[in-house]
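Working notes, beginning with the structure itself.
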Amino acid sequence: MSDLTTLLEVGGPVVALGGGAAYARVKHPAAYWSTVGLPVSTVRLLSSYGSVMEACGLTVAPSRLRIFAVKAMTQREVRPVPPRRGIIRPTLTGLKLRLRLAPGQEPADIAASAERLRHAWGVHSAYVTTVKPGVVELRLVGYDVLRRVRMPRKAAGGFLKVPVALREDATPFIRDYRAIPHQLTLGATLSGKSMYLRHLIAGLARQPVALVGIDCKRGVELAPFAPRLSALATDPDQAAELLPTLVKEMEDRYDLIRARQGIAPDTPDEEITSDIWGLPEDERPVPVVLFVDEVAELFLVATKKDEERRDEMVTQLIRLAQLGRAAGIYLEVCGQRFGAELGKGATMLRAQLTGRVCHRVNDEASAKMALGDIAPEAVHAACSIAPERPGLAVAGDTSGGWSRIRTPYLSLGDAAETCQESAHMVPDLAALKPFRPNVPVRPVEDAAPVVLAHPVTD
């Protein structure tokens, strides 16, 4: 009886500790990783590194000098040589280490074995990136970071850069308009597309940028951000008037650039430019970001007159996509679906949109339209997004790379408040004044400061 009592006294805390660890692993994966997962995975990696690399076929035959040295100094067997391992560096979401490839290896060899490595060391996923010739970085992610999204506190933003989502490798997905000027964003109802759009607008609202919106759903998506918008069109008729104005603004900026190119022989090379970023800061026009929500509404027609208007608007959108980058005009085209059957110009417009973000869609054709021409293997990933995970998307670009991302939660009220507080930053563009939304603007000194908590997506 005393032995049973002793066993219960010892086993009770152990069971409670195990139950607490299991609860933390499900409900608080970040805390579980820091306290339990990280030490366990580190021990596994250190104790089995050589054997795991050998089992994955990532070892090479040792050099003759190594064979001679081992045989001369010890009597043990000479084993194949794995990639040389660097220092293990823990992170909040996993750990990372650098590997120096053995002669004859390439980064693709390590990447091909990533799934085996993550199972061998008990982590959620493994990713390989090239640091320099002969050196790769192996990033191990300890848990599913897309289940509860927490953006890194030091996400590298900047001018025309917005940290808008989290990648599955725990790095921030940054929408950089200087690197990828135009983007197509697709998503069905309740897929998280609107949340993605909120983050973009809220991130750009604090920057010296002109924001222009076309929302053919009577403005229900973009109207809450009206205090920060330089122009807003809420139906196809208004869009048909706004788009020619933007094209004229683009042409005026090209005239300004061309006037600057009328250079004298003694003009330094650094003053010769082919876009607005080469102009002196006091002469440089403010960048313009055009948000087009429900782009399919611009393509739909009911009468012959509507068809003529549609063709004209699509032509102007294509012109802005082809020529707008150098003039500092960037496009963010959004919609629930997008396909060639929308009409003439749809495929040509898509070809000019470098970035692609595809949330859950209702048909495979839309996923193929978004990703099929740049990364065919990403189409299946986009079609397999579950409705229970709003905000999850597949992001790619015309370089062929793609990754899963998820946008953290941001309430409409917080995004609208950010735009209200930034209303004084609306730039003075005379051409867009007729399209400026008529909303009352609070004085800057009366606006209460907003402290946004770190966003979390459930």
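Here I405 contributes atom CD1 and L166 contributes atom CG; the two are 9.5 Å apart, rounded to the nearest 0.5 Å. Taken to the nearest 0.5 Å, the CG atom of L211 stands 10.5 Å off from the CG atom of L290. Taking CD from E294 and SG from C216, the interatomic distance works out to 8.5 Å, rounded to the nearest 0.5 Å. Summarising the geometry, atom CG belonging to L95 is positioned 5.0 Å from atom CH2 belonging to W33; distances are rounded to the nearest 0.5 Å. Atoms CZ and NE2, on R389 and H359 in that order, are 14.0 Å from each other to the nearest 0.5 Å. Rounding to the nearest 0.5 Å places CE of M195 at 10.0 Å from CZ of R406.
Using bins of under 30°, 30° to 60° and over 60° for the plane-to-plane angle, the ring pair F159/W277 lands in the perpendicular bin.
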Begin from the C-alpha positions of F225 and L197 and carry the test side chain to side chain contact (heavy atoms under 4.5 Å, CB included) through to its verdict.
CA-CA 11 Å; F225 317 121; L197 196 61; 5.8 Å; no

Go through S403 and R167 one step at a time and tell me if the side chain to side chain donor-acceptor pair (under 3.5 Å) criterion holds.
CA-CA 7 Å; S403 63; R167 296 181 187 270; 2.7 Å; yes

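In this structure, E388 does not pair ionically with R360, as no charged nitrogen and carboxylate oxygen lie closer than 4.0 Å. By the 4.0 Å N-to-carboxylate-O rule, D414 lies too far from R198 to be salt-bridged with it. By the 4.0 Å N-to-carboxylate-O rule, E137 lies close enough to R89 to be salt-bridged with it. Between D373 and K368, none of the side-chain N atoms (NZ, or NE/NH1/NH2) sits under 4.0 Å from a carboxylate O, so this pair counts as no salt bridge.
The heavy-atom pair separating G345 from V314 by the smallest distance is CA-CG1, 3.9 Å. Listed here is the closest heavy atom pair of A321 and L349: CB-CD1, 4.3 Å. In terms of heavy-atom proximity, P224 sits nearest to E221 at CD-O, 3.7 Å.
Taking the centre and axis of the six-membered ring of Y49, the NZ or CZ atom of R85 falls inside the cone set by 45° and 6.0 Å.
When the options H182, E332, Q183 are evaluated for a side chain to side chain donor-acceptor pair (under 3.5 Å) with Y177, the one that passes is E332.
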